[in-house]
Amino acid sequence: MIEVKALTKKYGDRLAVDNISFTVNRGEILGFLGQNGAGKSTTMKILTCFMPATSGTASVAGFDVFESPYEVKKRIGYLPETPPIYLELLVSEYLDFVANLRKIPSSQKRKKIDAVVERCQLGDVRNRLVGNLSKGYRQRVGLAQALIHDPEVLILDEPTVGLDPKQVSEARGLIKSLRSERTVIYSTHILSEVAATCDRIIIIDQGKIVAQEAINLMGATGGTTKTEIVVQRSSDELTQALRSLKGVRNVQCLSNGRDRIVLETEASEEIMAEIARVAVAKNAGLIRMSPVHLALEDYYLNLISGKREVSI
Amino acid sequence: MRGATAIIKKELRSYFCSPIAYVVLGVFLFVMGAIFAKFVDLYQKYNVAHQFGQAQGITIDKLATYLYQNMAFILCFVTPFLTMRLFSEEKRQNTLELLFTAPMKEIEIVLGKFFSAYFLMLIMLAVSFIYVFFMVLWGNPQLKIIGATYFGLALALACYVSLGALISAMTSSQAIAAVWTFIALLFLWLLQSLGQGITAAWGPIHWGPTLVYISPLGHFSSFTEGLIHIKDVVYFLSFTLFTIFLTHRVVESNRWR
């Protein structure tokens, strides 16, 4: 759906995006991860035809962003970092304006606006001034703007910044609900968000892609996940049994007060179930079992701090 | 051109939803009203004095000429307040991204912006018909001359607005846009005197006549005398088109700079 090849963007002498290439498949949610100033927004601006690249090519749905921007723009919904809203308009007026800009035929306009109001839960604020809305609502208005023309591709630049936790989870829910019907690129510097919503991540640092990984169910990368179990009575017998399980790669016993065992396993739910079964069968007194979420964070920090060797 | 229409609609709405349109219109009418009252007063005094053979009388057409020359100058002060927000506000609110990522051409954006401010100025011009009404009520002005004057005003406004839009596209601060637009317009007006001064001092060489030609003042004056010269119409139209073209270039360059 989206193909980027050797894309480079310079601002004066400063290299913002340095020779990056990636593809995004139809229906995929791609997380675009990186520190502030890593080049995320610049890449997105190029993909949305807001800005030309210095060199390289990018295409959306088979149309080149430089040669046929009109076709590309028609297919993209874009939410920039600061939602592009007019504070002096009513929400309904704003959406009407965007619908006109998007050249939605007037016969369908009403239907589309109603649909997007419903989807972004803007019903209550429809007749309020955009300028009087809270940050969360403004963000939703921005999202509504990006969705109004049913774009095939959605490009969201840090859509959850500045939202409260409830709103963040609502926004994530909304983005997840778009899965499979639309292709989404989603930039953020919040790791848990990527783990919670995306199918795949691209980590970008100083304009370069430093990692491209699929995210599995466990919210970790690279096919390995860490699980911690806490038992009342650990024994060599238990550790042996755990170690002999298929898919378990490493078992570490840590003790502080209680017996904590950290297992490094292949990422699959079957293994989790199996570990629990063994712990119970050995009568070890299983108290707690939890995935170690730090994996992704470790991975990320290691990557951007320049250490290419990842230790999990 | 649906994008342009959408922008015009939205801009006019923004003008009338904020105090700006009302304040500018109010101040304009107040100043023009004061000038009109003063001129009517002078007109009467001169004509009374004329009856006693003490001064030369003036016709109501002369009164209209003075009035509209003043109006064209007052509009130089008014225009910046209406054009300053056109692009700079979009830049400040980060809404240019919305316009540029919508499926339309840049020229639609530029034309939409230009015509929204221009329509507002035309509304202002329409309100000033009230002076025509009073002149017709109490005197017998030649409506053809006034018609030519309004045509000239409409043309002059197009060039004021295009210049304001161009300057607004160059900055993200409304205040700076307003100040520079005002300076630019004032400068254009003063070019006439500068050109005449040069001509007077050194004869019709040294750019004198050229400067006079560049200034809108002389071109506008002939309209107030009821003369519609093709060269004046061409001057205003080409000025406007060229400035719109420059605006288009500047707006485009905002993206790759």
Side-chain angles (χ1 to χ4, degrees), chain A residues 9-12 41 44-54 63 65-66 68-90 93-94 96-106 109 129-131 138 141-142 145-146 148-149 151 153 155 157, chain B residues 1-23 82 84-113 115-117 120 172 174 248-257:
Chain A
K9 172 77 191 175
K10 279 182 188 165
Y11 293 113
S41 297
M44 291 182 147
K45 281 177 183 169
I46 294 170
L47 279 176
T48 52
C49 311
F50 180 66
M51 198 188 248
T54 311
F63 294 100
V65 295
F66 315 113
S68 33
Y70 190 84
E71 294 298 322
V72 172
K73 287 174 182 178
K74 270 206 306 211
R75 289 168 172 79
I76 285 187
Y78 173 44
L79 174 62
E81 218 167 335
T82 27
I85 46 175
Y86 296 97
L87 304 180
E88 70 274 12
L89 297 183
L90 300 178
E93 286 170 344
Y94 174 73
D96 185 72
F97 171 62
V98 177
N100 286 334
L101 281 188
R102 288 281 171 191
K103 306 193 171 158
I104 296 173
S106 27
K109 210 162 70 178
L129 280 179
V130 177
R138 287 183 190 188
V141 173
Q145 165 272 124
I148 197 161
H149 52 297
V153 177
I155 295 189
D157 199 350
Chain B
M1 278 293 130
R2 203 171 143 206
T5 337
I7 291 176
I8 294 173
K9 233 172 88 186
K10 186 232 128 209
E11 287 295 318
L12 285 176
R13 176 140 196 120
S14 296
Y15 275 129
F16 285 105
C17 281
S18 69
I20 185 94
Y22 303 100
V23 170
L82 294 181
M84 62 182 185
R85 58 184 296 283
L86 287 180
F87 289 98
S88 38
E89 181 68 2
E90 302 270 355
K91 282 191 192 174
R92 202 184 54 82
Q93 289 195 0
N94 291 311
T95 42
L96 273 185
E97 287 177 52
L98 175 69
L99 301 182
F100 280 136
T101 55
M104 58 180 180
K105 297 197 170 74
E106 283 96 353
I107 192 70
E108 285 189 62
I109 302 172
V110 174
L111 289 179
K113 290 285 179 185
F115 278 110
S116 60
L120 190 65
S172 58
Q174 291 196 32
H248 178 225
R249 285 283 119 140
V250 170
V251 165
E252 215 176 26
S253 78
N254 277 325
R255 301 165 63 189
W256 48 258
R257 260 193 306 163

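Lettering of chains follows the sequences in order, A, B, ..., and the numbering in each one begins at 1. Bear in mind the structure is a predicted one, so any value in this text is a computation, not a measurement.
The residue among A:Ile76, A:Leu79, A:Thr82 with the most heavy atom pairs within less than 4.5 Å of chain B is A:Thr82.
Contact of A:Tyr70 with chain B is made through backbone and side chain together, with heavy-atom distances under 4.5 Å. Only the side chain of A:Glu93 comes within less than 4.5 Å of a heavy atom of chain B; its backbone N, CA, C and O stay farther away. Proximity to chain B is limited to the side chain of A:Val98, based on heavy atoms less than 4.5 angstrom apart. There is no contact between A:Ala146 and chain B, counting heavy-atom distances below 4.5 Å. With a threshold of 4.5 angstrom between heavy atoms, B:Thr101 approaches chain A through its backbone and through its side chain. Heavy-atom distances place no part of B:Glu89 under 4.5 Å from chain A, backbone and side chain included. Of the atoms belonging to A:Tyr86, heavy atoms from both backbone and side chain fall under 4.5 Å from chain B. Of the atoms belonging to B:Lys9, it is side-chain heavy atoms, and not backbone ones, that fall under 4.5 Å from chain A.
Note that CG of A:Leu87 is 12.0 Å distant from OG of B:Ser18, once rounded to the nearest 0.5 Å. With rounding to the nearest 0.5 Å, the separation of NZ in B:Lys10 from CG in A:Leu89 is 6.0 Å. Here the CD1 atom belonging to A:Ile104 is positioned 8.0 Å from the CZ atom belonging to B:Arg2, to the nearest 0.5 angstrom. Note: B:Phe100 CZ to A:Met51 CE = 11.0 Å, rounded to the nearest 0.5 Å. Note: B:Ile20 CD1 to A:Glu88 CD = 11.5 Å, rounded to the nearest 0.5 Å.
In terms of heavy atoms, B:Ala6 sits closest to A:Asn100 at CB-CB, 3.4 Å.
The main-chain N or O of B:Ala102 is never found under 3.5 Å from a side-chain atom of A:Lys103 such that the two would form a donor-acceptor pair.
Residues A:Glu81 and B:Glu97 are not in side-chain contact: their nearest non-hydrogen atoms beyond the backbone lie 4.5 Å or more apart. Contact annotation: the side chain of B:Leu98 never approaches that of A:Ile85 to less than 4.5 Å [non-hydrogen atoms, C-beta and beyond]. Side-chain contact between A:Arg102 and B:Pro103 is present, with at least one heavy-atom pair separated by less than 4.5 Å.
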